[in-house]
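Notes follow the structure.
Note that these values count all heavy atoms, side chains included, but never hydrogens, waters or copies made by symmetry.
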Amino acid sequence: MPVDTIRLSAFAVLGALAFPGAAAEEAEVRVTDLVVTATREPRPARELPMAIDRVDARDIAEGRPLVNLSESVARVPGLVARDRHNYAQDLQVSLRGFGARASFGVRGVRLVADGIPATMPDGQGQAASVDLATAGRIEVLRGPFAALYGNASGGVVQVFTQDAPAGPEGSASLFAGDHGTRRYGLRAGGRWGGSDLVAGASRFRTDGHRAHSAALREQFNAKLGFALGEGRLALVASGIDQPESQDPLGLTRQQFDADPGQADAAALLFDARKSVRQSQAGLVHERDLGANAFEARVHGGTRTVVQYLAQAGDGPLAAGGVVDLDRRYGGAGLRWRRAIGGERPLALSAAVEADRMDERRRGFVNERGVAGALRRDQDDRVESRDAWALAEWRFAPGWNAAAGARHSRVSFVSRDRFVNEANPDDSGRVTHARTLPVAGVSVEAGGGWRLYAAAGGGFETPTLAELAYRPGGAPGPNLGLRPSRSRQAEAGAKARFGETGRLAAALFRIATRDEIVVDASAAGRTTFRNASRTRRDGFELSAEAGLGGGFAGALAFTWLDARFRDGFAAGSPPVAVPAGSRLPGVPASTLYAELGWRHAASGLHAAAEVQAAGKVFVNDANADAAAGYAVASLRAGIERRFAGWRLTAFARVDNVADRTYAGSVIVAESRGRHFEPAAGRSWSAGATATAAF
């Protein structure tokens, strides 16, 4: 869509809505005691001895396209979600530096949707499975207590579907922007007796701001609830279909400097692209029996992926240039909670969980965009068996303590079905187990302040992809690759000011052994190894406040010093990584600032955002780096209500100064294609019409 057309459409929609009539309802009141569910029970965030933030529905949806998780979580300190503008590879999501080196998908960070894991048992998930259009809130937990969620060291991102509206309603939405970007959405919901429903479906497509980067995505999410005796049963179902997403690949330093809008020549030669289809369903049953409460969940799903890599993948030990993946997964969990004492000063929780993933993986030669001869055929299985317990104790006025532990056991089995004289048997199995303690305490310090401290361990197993090959071309999976283990300590303060003011700060140190790093990459086989020791020292600050006159501000700042404490050598030929080198993919600082204005009587609102990040090294040896950047975005919108209808519209411009910068990097890319360019200045607009019946 031409820029002038977008501008005219945006102003026409906004102008049409800005007519005299029924005013929009009063703006949502921001409360300082945000309620979160980090301990599996609703609790005020400021009482908990942990760093946790919540992003509400308005901040998720208002003035945003609702396509990528990165749109909504920039206001959370410690969390970096980079929009790679490459739908063949998904977002890069990292928490306190964990997960930054993932070249595709999300690893080292646990994803949960409506109480159901969105991360596989081996620790890898996909942010694209999150449906923002039906999301009611997002909670982000960092630090030691993330260990209670299992195989994830960095933290937990939980997404919760909206509550159903009081009466039946339906809505339709449209978003359009530069580079042929469109998103159409439908949503419906309501309550009927003891039942409630929220459901949404959308279709998104874009030509991409780079060559060979077009994508199409169709998505569905629904949550149906029933009153069931003394409890509640919820059915959650979701699906995503990306029939084809082109992959422009990263760019070398020379390519990026010459033309950041280009695709690498190999992407065109081999027609690099990816097709994904995923569907899953789950049941969650909650039952409250006075002092005791129970929750049971069961879920299952399928995921198929066909990906054409930018290489032929031929040769005796090559794994193929076409990945054909068929996955079946599922799991179950049972949790018990008991409150003890008249004023509930003590609460005990315990749970058992089991998850399993079966995967058929095949690889074919990529004959310039056409699948050729078979080069890989294997069956993989990952199983996790976990148990955890947590005690919370309000042992004195103003004091709150929590302590618990989780035992995790993760088993990997791989059976090679493609064995011949030139290609030895790569079968094997391994099991990793660890018990992780965690404890914390918080105290009311007066004047609206609350202080806390926490400590605990972390555990991150290799993924199936990281275990696939041994270094040096030796047969069999890399069973010597160990899980990374971390010790975390955190101290922080939380404060509230007046009706709308909130501030939180945290200092942390994370010491990790056996950090998993890339060893070498050749002929489609990437091998991994363990580095020795790393350390992450950091500071996080977040604040929100009403400023009067309809203005409000928000700030999130992170400083993170993440380094290898010991030197090591990796690669072929080996490259020395000196002690003190920074972890790649991790910016030393990030900043998000927003100044918003809202006029309740007219429904008008506007905001300016600034996002900034320090430079990011592209490999362990710190041989090159993507420069730091600061970009600004502007948005304006309106909401009107009349005769059972609610109409909203917005327009926005991103990267106002039209800066050229790398929005993300691909860590340790074997051909030096580290840099993924962000989009330049871009215009967009959207509108939603909602009718109550």
Could you tell me whether the side chain of [Y] reaches within less than 4.5 Å of the side chain of [X], counting heavy atoms only?
X	Y	value
V276	Y87	no
M120	R303	no
V157	V112	no
K223	L235	no
V140	I138	yes
V441	P49	no
M357	L464	yes

Sole residue of S589, P587, P77, S542 in side-chain contact (heavy atoms from CB on, under 4.5 Å) with T558: P77
side-chain contact (heavy atoms from CB on, under 4.5 Å) partner of S173, chosen from T688, L66, T690, T648: T688
Plane angle bin for F557 and F539 - parallel if under 30°, tilted between 30 and 60°, otherwise perpendicular: tilted
Y329 and H299 aromatic ring geometry - parallel, tilted or perpendicular at 30°/60° bounds: tilted
I'd like to know if [X] pairs up with [Y] as an ion pair, taking the criterion as any Lys NZ or Arg NE/NH1/NH2 lying under 4.0 Å from an Asp or Glu carboxylate oxygen.
X	Y	answer
R217	D241	no
E444	K494	no
R232	D196	yes
R287	E230	no
E218	R277	no
E62	R64	no
R652	E609	yes
E353	R385	no
R328	E359	no
E286	R297	no

Between [X] and [Y], what is the shortest heavy-atom contact and its length?
X	Y	result
V93	A127	CG2-CB, 4.4 Å
K274	A88	CD-O, 2.9 Å
E490	A51	OE2-N, 3.1 Å
V382	P121	CG1-CB, 3.7 Å
S486	I510	CB-CG2, 4.0 Å
D386	G150	OD2-CA, 4.1 Å

Ignoring hydrogens and angles, tell me if any N or O in the side chain of [X] forms a donor-acceptor pair with the backbone of [Y] under 3.5 Å.
X	Y	result
R82	G663	yes
Q219	A128	yes
Q488	G457	no
E169	P165	no
N68	S70	no
S94	A100	no
N151	T461	yes
S442	Y452	no
R84	Q92	no
R509	A489	no

Full working for salt bridge (Lys or Arg N to Asp or Glu O under 4.0 Å) between E515 and R485: CA-CA 8 Å; E515 188 94 27; R485 301 160 294 148; over 6 Å; no
Side chain to side chain contact (heavy atoms under 4.5 Å, CB included) between H432 and S411, intermediate numbers included: CA-CA 6 Å; H432 299 297; S411 299; over 6 Å; no
Side chain to side chain donor-acceptor pair (under 3.5 Å) between T463 and D122, intermediate numbers included: CA-CA 5 Å; T463 64; D122 67 344; 4.7 Å; no
Please list, chain by chain and in numerical order, all residues satisfying salt bridge (charged side-chain N to carboxylate O under 4.0 Å, His left out) with [X], sequence neighbours excluded.
X	answer
E466	R107
R338	none
D83	none

R337 versus S349, side-chain donor and acceptor atoms under 3.5 Å: yes
Q242 side chain to S245 side chain, donor-acceptor N/O pair below 3.5 angstrom: yes
Residue W336 excluded, over 12 heavy atoms near CH2 under 6.0 Å: yes
Heavy atoms from other residues, nucleotides or ligands near CZ of R409 exceed 12 (cutoff 6.0 Å): no
Lys NZ or Arg CZ of R406 over F459 ring: under 6.0 Å, within 45°: no
Proximity of F175 and F204 rings by center, below 6.0 Å: no
Evaluation steps, side chain to side chain contact (heavy atoms under 4.5 Å, CB included), between T161 and N221: CA-CA 9 Å; T161 298; N221 186 63; 3.3 Å; yes
Side chain to side chain contact (heavy atoms under 4.5 Å, CB included) between V665 and E676, intermediate numbers included: CA-CA 6 Å; V665 300; E676 296 187 297; over 6 Å; no
Test log, rule side chain to side chain contact (heavy atoms under 4.5 Å, CB included), inputs V284 and I116: CA-CA 8 Å; V284 180; I116 294 174; 4.2 Å; yes
Qualifying residue for salt bridge (Lys or Arg N to Asp or Glu O under 4.0 Å) with D53, from R137, R142, R75: R142
